[in-house]
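In what follows, every heavy atom counts, from backbone to side chain, and hydrogens, waters and symmetry copies are set aside. Every chain is numbered from 1, with letters handed out A, B, ... down the list of sequences. No experiment lies behind these values; they were computed from the predicted model shown.
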Protein chains: 2
Amino acid sequence: MDDKSLNTARLIALDWGTSSLRAWLLGDEGEVIDAHAAKRGIMQVEDGDFAGVYREIVGDWIAVHGELPALACGMIGSRGGWAEAEYVDCPAELSVLADRLLTIDADPVSLRVVPGVMQPSGPGVRPDVMRGEETQVLGALSAAPELAERGVLVLPGTHCKWVHIAEHRLAAFATYMTGELFAVLQHHSILGKPAADRDGVTDDKAFELGVDTAREAGAAGLSSILFSARSRMLAGEIAAEATPDYLSGLLIGDELRSALTGVDEVPPLRLIGDDALCRRYRHALARFGIEDVAEIPDAARIGLWRIAEAAGLLTY
Amino acid sequence: MDDKSLNTARLIALDWGTSSLRAWLLGDEGEVIDAHAAKRGIMQVEDGDFAGVYREIVGDWIAVHGELPALACGMIGSRGGWAEAEYVDCPAELSVLADRLLTIDADPVSLRVVPGVMQPSGPGVRPDVMRGEETQVLGALSAAPELAERGVLVLPGTHCKWVHIAEHRLAAFATYMTGELFAVLQHHSILGKPAADRDGVTDDKAFELGVDTAREAGAAGLSSILFSARSRMLAGEIAAEATPDYLSGLLIGDELRSALTGVDEVPPLRLIGDDALCRRYRHALARFGIEDVAEIPDAARIGLWRIAEAAGLLTY
């Protein structure tokens, strides 16, 4: 590290989820001075030793830069994480997040945790929850303020979130288990057998056939099309090694169909997440006539910085 | 065995599926003289030794009763089974099944295998396949001939089939992976965690809430409701140990919703399958206003007898 970095460290920011942990040392303007990424999500932390993992990740930074505020978002604040942060009710003013941080008394510095967001049950509304995505949404709106009046943010992953923004608030959201469904079907069901050992073959045509099958099935929905990943293979319509791509297309396609059901005019839509996965969603969205969907990068890091700022953690 | 049984054995009938094998020694009128049931489905047969399992199951019967015809239906005739029997194309005259038996040259007596049925792709039609259910359908129509003009047979299980009968033919069918989806989600996804070690608790109210949630979600479909098995638990709306019943309700409920989409008047409907599972389907069907749905027992055995009869295997 050079001298500048020694002078300007302001915040340790952590995106601590189910299967991974990303940590950044941020400078005066929120710029990245140093970063760690580790497979130390809450499911990989042995015997609940979150304190040990935390010390290991931030210890050197504190040793070099002295005491610094630390702020985390994600599943670390869930019932299965280090300590349970509250949920803010939806519709939610995102500015509220900074007022409701949980503080964990930790070594070498205490850790603040961003609350999650809960959508309560109502007539025709199922409850839903998020932890971590609220911070990404706040970061994304700071990077793309044109969406703050009306927009949709889609966050593909294990549990994909569709987040509706209206009048600068997180108005509503829905969770699709698309990523997890793909993983369990590919690894544990008969649909995964034909290509159990494939190593990342990607067949765009099979993916597209999956998306189109889901689109054309319409209201009959996922239940009615899932088995076609086997029957099309038996009928010779897709190659055995392409079944994972076809299955991925079915699942993402049905997610889009479901999320767009009853929507007459799609609001401005942006993606947040892993590049390869966002590419698949863009491809699928195009089959639904939705083009030019940009990705918003670094949403979690920017969100953590903004929340720290609003909470007065960045003392100068 | 008494003397009568020694005189009247006419057929060895086998329902040989993915996870189980049932075998019957049948008498003059198709009555059961003796029966075996074993966990020797094609997935449990080691090193593909179908011949060994077959000899073990039928050997004693042949030793006592002398040479007899043997007829099997199910996945034993699939690519992953003993030998691949053909598919009859759908719409199918069920009488064709008896004309297209595969013969496997086996010891101590050769084994005939019933063909499967394939629904070919067409505009807006996905291919689909069945093996074993065609025999159950034939047996069911022999037991309930009032459905032969127009009816629906629902066969719950790992891969649930909805079979439409019209003018004495198998007109169309669809596969729902409801049973397998339940198993992989319960054993391998986050939805199964809260009750991973439950031993058969059954919560009818949680099941019913699942069915109703699927019914009310309408066209938004399964993708949009699956995560509610977690969020309702986190929100305190269902107990952790009731999540499997709720999940079962979601999956069966969405299957019914999907299968009934666009159906103005439901034709006479009957169930074929495991008693406990048929009870769940009856409960769910009642939530959709479909009452008094009877089960047809012994459909596979009756179907095998009828096919053997039509194929001239029951020589007197």
Among residues 120-130 of chain A, which residues come closer than 4.5 Å to chain B, judged by heavy atom distances?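 Against chain B, the residues of residues 120-130 of chain A that fall inside the cut-off (heavy atoms, under 4.5 Å) are A:Ser121, A:Arg126, A:Pro127, A:Asp128, A:Val129.
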
Nearest heavy-atom contact between A:Met177 and B:Ile190 is CE-CG2, 4.2 Å

Between [X] and chain B, which part of the residue has a heavy atom less than 4.5 Å away: side chain, backbone, both or neither?
{"X": "A:Glu180", "value": "side chain"}
{"X": "A:Ala220", "value": "both"}
{"X": "A:His159", "value": "side chain"}
{"X": "A:Leu222", "value": "side chain"}

Report the option among [options] that has the most heavy-atom pairs separated by less than 4.5 Å from atoms of chain B.
{"options": "A:Ser189, A:Gly218, A:Ala217, A:Ala174", "result": "A:Ser189"}
{"options": "A:Cys160, A:Gly221, A:Ser223, A:Ala183", "result": "A:Ser223"}
{"options": "A:Ile225, A:Thr213, A:Thr178", "result": "A:Ile225"}

A:Pro91 meets the side-chain contact (heavy atoms from CB on, under 4.5 Å) criterion, sequence neighbours left out, with A:Arg169

| said: Please report the interatomic distance OG(A:Ser224) to CD(B:Glu255), rounded to the nearest 0.5 Å. | reply: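 The CD atom of B:Glu255 is 10.5 Å from OG of A:Ser224, to the nearest 0.5 Å.
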
Problem set entry | Segment of B:Thr261 engaging chain A (4.5 angstrom heavy-atom cut-off) |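 The answer is the side chain of B:Thr261.
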
Are A:Leu185 and B:Leu181 side-chain neighbours, meaning at least one heavy-atom pair lies under 4.5 Å? yes

Item to complete: Find out whether B:Leu226 and A:Tyr176 are in side-chain contact, i.e. whether some heavy atom of one side chain is under 4.5 Å from a heavy atom of the other.
Response: no

Requested in this report: Just jot down the salt bridge (charged side-chain N to carboxylate O under 4.0 Å, His left out) partners of B:Arg232, sequence neighbours excluded, or say none.
Outcome: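 Only B:Glu237 meet the salt bridge (charged side-chain N to carboxylate O under 4.0 Å, His left out) criterion with B:Arg232.
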
ask   = In chain order, what residues pass the salt bridge (charged side-chain N to carboxylate O under 4.0 Å, His left out) check against B:Asp274, with sequence neighbours excluded?
value =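 Salt bridge (charged side-chain N to carboxylate O under 4.0 Å, His left out) check on B:Asp274 returns nothing, list empty.
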
